[in-house]
Amino acid sequence: MSRTTSAIVVREPNGAVALEPIILGELRPDEALVEIHATGVCHTDLLCMQGKLPTPMPIVLGHEGAGVVIAKGADLKGIELGDKVILSYCYCGTCDECAHNHEPYCHSLLQLNFGGARADGTSALKLPSDGTSGLHGHFFGQSSFSRHAVVSAASLVNVPPDTPLDLFAPLGCGLQTGAGAILNTLNVQPGTSVAIFGVGSVGMSAIMASRLRGAGQIIAVDIVPARLELAKKLGATDTILASDKDVVDRIKALCPPNGVKYALDCSGNPQAVETMIDALGTRGRACSVGAPAPDVRASVNIFAHLINGREYVGCHQGESLAKEMIPFLIQQHADGKYPLEELITYYNVEDFKTAFSDTEKGLTVKAVLKWV
């Protein structure tokens with residue numbers, strides 16, 4: 001049975017964005033209908049709205065949703081009506097990467113998360129104005145900028161009944177990415193040094209994860225002084241303004257003999273990536289989670305990279321298995337070791353344009369839209 005609800009619809013790149021009625025299609029056997037309580041705003045959503053990342057339009061975006069299951073498909077296992085869920089990225093579950101527990105690198109990742117449709121190309125959403133399937137949805141398996149969402153089984157993460165959904169909604173993408181980059185991809189070791197370039201919500205999560213891991217030196221690099229102050233509160237031992245001309249020299253001075261052991265770029269800025277790599281010490285390891293537009297390139301000093309045995313790798317979703325990482329971070333918060341409430345500004349959904357603008361301008365670290 002189809003259902004009418006309201007959602008934030010993006011009609012065209014850099015075009016009008018409006019809260020308007022949409023029609024949800026019939027549930028597939030491996031899908032759930034989720035009443036959305038809160039949705040985090042991610043820079044990926046904004047990049048798609050601006051046409052900088054390849055996404056079909058018109059579309060309902062949103063990929064950090066949290067809510068309550070109110071209907072379920074016949075084949076859905078481990079999910080019951082009334083369950084609270086955090087929503088994360090989608091994956092096929094059958095390709096070689098998924099079979100080896102590398103779901104963030106699913107061979108169908110781009111199609112399932114950015115394609116605006118189910119795996120078979122059909123949409124879960126319609127516009128009531130024409131009654132067609134011309135509205136793209138299923139973004140990251142959820143399209144959670146909506147009061148109700150048809151969600152892929154792969155995107156569902158069960159959480160305890162007492163979980164505050166508005167607080168933990170952002171775990172589904174940005175925050176698990178920052179934490180996972182430190183804990184999984186870089187595997188930062190206790191007592192070592194780490195530099196984090198760009199301390200928005202992803203970078204702040206990385207700082208908190210670095211403190212969890214027991215890093216001896218945690219260096220935050222950003223262009224916004226207020227964010228550097230918050231970074232210190234959350235665990236950074238040192239801060240550097242990214243606009244300074246001597247960022248590499250300052251990092252090397254902080255991390256003798258010749259640079260930092262681990263480094264993470266959350267900005268997607270090619271200059272920041274180059275600076276990050278140049279700041280690595282012998283056998284240092286760096287990774288990128290910040291996403292620029294496709295085909296953006298950065299240069300590497302190949303000789304220095306070679307003789308110092310440096311590594312630079314990409315990282316999607318912090319290589320996090322959402323069904324493990326999200327409960328882990330919730331527990332760390334309960335233990336007082338992951339104070340993500342320090343990052344969040346709440347907005348009623350009717351104020352979504354302000355939330356998007358504040359995110360774009362850096363006026364909030366993590367905006368969360370409240371639907372109920």
Side-chain angles (χ1 to χ4, degrees), residues 171 174-222 224 227-242 244 247-267 272-273 275-290 308-320 324-325 328-343 365-366:
L171 293 183
L175 299 190
Q176 78 170 0
T177 294
I182 296 296
L183 302 175
N184 300 327
T185 308
L186 291 177
N187 191 21
V188 169
Q189 294 300 298
T192 57
S193 58
V194 57
I196 296 161
F197 290 75
V199 286
S201 59
V202 177
M204 294 293 186
S205 182
I207 285 171
M208 291 187 285
S210 297
R211 185 171 64 176
L212 278 174
R213 185 50 68 86
Q217 194 152 31
I218 304 170
I219 305 166
V221 184
D222 201 279
V224 182
R227 289 193 175 185
L228 293 177
E229 287 301 312
L230 178 58
K232 280 199 269 189
K233 183 177 180 180
L234 296 178
T237 59
D238 301 274
T239 61
I240 299 174
L241 270 175
D244 291 352
V247 172
V248 172
D249 290 340
R250 290 188 61 188
I251 291 176
K252 288 187 174 183
L254 289 168
C255 305
N258 64 341
V260 70
K261 179 64 176 177
Y262 303 99
L264 171 65
D265 177 63
C266 305
S267 71
V273 170
T275 300
M276 173 181 72
I277 295 172
D278 288 342
L280 287 175
T282 302
R283 299 183 69 242
R285 181 173 172 85
C287 83
S288 280
V289 296
N308 287 294
R310 295 167 173 168
E311 295 179 76
Y312 170 56
V313 299
C315 170
H316 182 249
Q317 293 289 334
E319 301 190 14
S320 300
E324 296 177 5
M325 179 61 81
F328 170 78
L329 293 177
I330 291 174
Q331 184 59 54
Q332 297 309 304
H333 178 269
D335 293 343
K337 299 177 181 178
Y338 189 76
L340 77 163
E341 64 273 6
E342 297 283 354
L343 314 181
V365 177
K366 170 57 72 172

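Here the structure is a predicted model, which means the values were calculated and not measured.
For the pair K337/M208, no side-chain contact is recorded, criterion being any heavy-atom separation below 4.5 Å from C-beta on. Contact of the L254 side chain with the S193 side chain is not registered, since no non-hydrogen atoms from C-beta on lie closer than 4.5 Å. E342 places a side-chain heavy atom less than 4.5 Å from the side chain of L230. Looking only at side-chain heavy atoms (C-beta outward), V188 and L183 stay at 4.5 Å or farther from each other. Side-chain contact between K252 and V248 is present, with heavy atoms from C-beta onward closer than 4.5 Å. Annotation: side chain of C266 is not in contact with side chain of V199 (no heavy-atom distance under 4.5 Å). In this structure the side chain of N184 reaches within 4.5 angstrom of the side chain of S320, judged on heavy atoms. Side chains of K261 and Q189 form no contact here, defined as non-hydrogen atoms less than 4.5 Å apart.
Of all non-hydrogen atoms in C315 and T185, the two that sit nearest each other are SG-OG1, 3.1 Å. Of all the heavy atoms in I207 and A231, the pair that sits closest is CD1-CB, 3.5 Å. Pairing each heavy atom of D265 with each of A272, the nearest pair is OD1-CB, 3.6 Å. Minimum heavy-atom separation, M325 to G180: CE-CA, 3.8 Å. Nearest heavy atoms, P339 versus R211: CD-NH2, 3.9 Å. Considering every non-hydrogen atom in both V260 and A195, the closest pair reads CG2-N, 3.7 Å.
Evaluated for a side chain to side chain contact (heavy atoms under 4.5 Å, CB included) with V365, the options V202, L343, L340 yield exactly one hit, L343.
Residues Y262 and S210 bring no donor and acceptor atom of their side chains to less than 3.5 Å of each other. Between the side chains of R285 and N187, no donor-acceptor pair is found at a separation under 3.5 Å.
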Legend entry - Full working for side chain to side chain contact (heavy atoms under 4.5 Å, CB included) between I182 and L264: CA-CA 8 Å; I182 296 296; L264 171 65; 4.3 Å; yes
Inset, instruction - Begin from the C-alpha positions of F197 and V247 and carry the test side chain to side chain contact (heavy atoms under 4.5 Å, CB included) through to its verdict. - result: CA-CA 11 Å; F197 290 75; V247 172; 4.2 Å; yes
Legend entry - Intermediate values then yes/no, side chain to side chain contact (heavy atoms under 4.5 Å, CB included), L280 and N308: CA-CA 9 Å; L280 287 175; N308 287 294; over 6 Å; no
Inset, instruction - Go through the steps to decide whether C255 and I219 satisfy the test side chain to side chain contact (heavy atoms under 4.5 Å, CB included), and finish with yes or no. - result: CA-CA 10 Å; C255 305; I219 305 166; 3.7 Å; yes
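Not one N or O on the side chain of S205 forms a donor-acceptor pair closer than 3.5 Å with the backbone of G178. Of the possible polar contacts, none joining the R310 side chain to the R283 backbone as a donor-acceptor pair under 3.5 Å is found. In this structure, T239 contributes its side chain and A220 its backbone to no donor-acceptor pair below 3.5 Å.
Atom CD of E341 is separated from atom NZ of K366 by 15.0 Å, given to the nearest 0.5 angstrom. The line from CD of Q176 to CD of E324 is 11.0 Å long, rounded to the nearest 0.5 Å.
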